[in-house]
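Heads up, the thing below is written out as structure tokens.
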Amino acid sequence: VQLQASGGGLVQAGGSLRLSCAPSGRTISTYALGWFRQAPGKDREFVAAISWTGGSTSYADSVKGRITISRDNAKNTVYLQMNSLKPEDTAVYYCAAGSTIAVVTTAPNYWGQGTLVTVSS
């Protein structure tokens with residue numbers, strides 16, 4: 001599965017962005033999906049995940065209440081709505097896919113290319 005993330009950009013602190021991720025050439029409707037991020041000089045970290053039905057979600061404590069993951073299986077796309085952005089949210093954001101929500105949270109089967117989010121203070 002090849003995944004392509006998009007929607008990154010430059011935003012002021014307190015602003016919002018919505019990231020999207022879609023596969024090329026294959027459906028992701030039966031995969032759990034997730035988002036990770038890697039800030040400059042730091043390790044990649046888990047952000048959020050959603051089950052293949054959309055009925056279960058999981059979030060990192062650092063983003064709870066500000067970031068929402070969702071999916072539209074008809075459009076074969078997963079989204080990450082980010083509100084109240086902070087400078088510390090600055091990172092390259094990657095989407096990922098896995099067989100279950102537990103797998104995608106810890107060791108995804110597939111990774112996508114990242115999209116850069118920069119939050120200015």
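Keep in mind it's a predicted model, so treat the numbers as computed, not measured. Values below: every heavy atom of this structure, side chains too, minus hydrogens, waters and symmetry copies.
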Does a side-chain heavy-atom distance below 4.5 Å link [X] with [Y]?
X      : Y      : answer
Gln4   : Ser24  : no
Cys95  : Leu33  : no
Val117 : Thr90  : no
Leu116 : Leu10  : no
Val78  : Trp35  : yes
Gln113 : Tyr94  : no
Ile67  : Leu80  : yes
Ser99  : Asn109 : yes

Check the pair Leu17, Gln81 against side-chain contact (heavy atoms from CB on, under 4.5 Å), reporting the backbone distance first and the verdict last.
-> CA-CA 6 Å; Leu17 277 177; Gln81 178 66 45; over 6 Å; no

Phe36 and Val92: same hydrophobic cluster, using ILVMFWY side-chain contacts below 4.5 Å?
->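 Linked, Phe36 and Val92 end up in one cluster.
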
Under a single-linkage definition using a 4.5 Å side-chain heavy-atom cutoff for Ile, Leu, Val, Met, Phe, Trp and Tyr, are Tyr59 and Met82 assigned to the same hydrophobic cluster?
->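 Linked within one cluster.
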
Side-chain donor-acceptor pairs under 3.5 Å in residues 45-54, sequence neighbours left out?
residue : atom : partner : partner atom : Å
Glu45   : OE2  : Arg37   : NE           : 2.6
Glu45   : OE2  : Arg37   : NH2          : 3.2
Ser51   : OG   : Thr53   : OG1          : 3.3
Ser51   : OG   : Gly54   : N            : 3.3
Ser51   : OG   : Gly55   : N            : 3.2
Ser51   : OG   : Ser56   : N            : 3.1
Thr53   : OG1  : Gly55   : N            : 3.1

Compute both the distance and the angle, then confirm whether Arg71 meets the cation-pi test with Tyr79: under 6.0 Å from the six-membered ring centre, within 45 degrees of the axis.
->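 Relative to the ring axis of Tyr79, which defines the angle, Arg71 lies outside at least one limit.
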
So how far is it from Gln12 CD to Ser120 OG, rounded to the nearest 0.5 Å?
->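 That separation rounds to 5.0 Å.
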
Any sub-3.5 Å donor-acceptor pair from Asn76's side-chain atoms to Ile28's backbone N or O?
->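 Flag set: sc Asn76 to bb Ile28 pair under 3.5 Å.
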
Can you check whether Gly8's main-chain N or O pairs, donor with acceptor, with Thr115's side chain at less than 3.5 Å?
->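 Yes, Thr115 side chain to Gly8 backbone: donor-acceptor pair under 3.5 Å.
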
Would you mind checking if Lys64 and Asp61 are paired as a salt bridge, meaning a charged N to carboxylate O distance below 4.0 Å?
->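 So Asp61 pairs with Lys64 through a salt bridge.
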
Using a distance-only test with no angle check, is there a side-chain donor-acceptor pair under 3.5 angstrom linking Thr77 and Asp72?
->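 No - no donor-acceptor pair under 3.5 Å links their side chains.
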
Looking only at heavy atoms, what is the nearest atom pair of [X] and [Y], with distance?
X      : Y      : answer
Arg66  : Leu85  : NH1-CA, 3.9 Å
Val104 : Ile101 : CG1-O, 3.4 Å
Tyr93  : Ala91  : CD1-O, 3.4 Å

Taking everything shown except Glu88 itself, do over 12 heavy atoms lie less than 6.0 Å from its CD?
->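 Buried by this count: over 12 neighbours within 6.0 Å.
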
Start with the C-alpha distance between Arg44 and Trp111, add both sets of side-chain angles, then the distance that settles side-chain contact (heavy atoms from CB on, under 4.5 Å), and finish with yes or no.
-> CA-CA 12 Å; Arg44 189 176 299 186; Trp111 288 97; 3.0 Å; yes

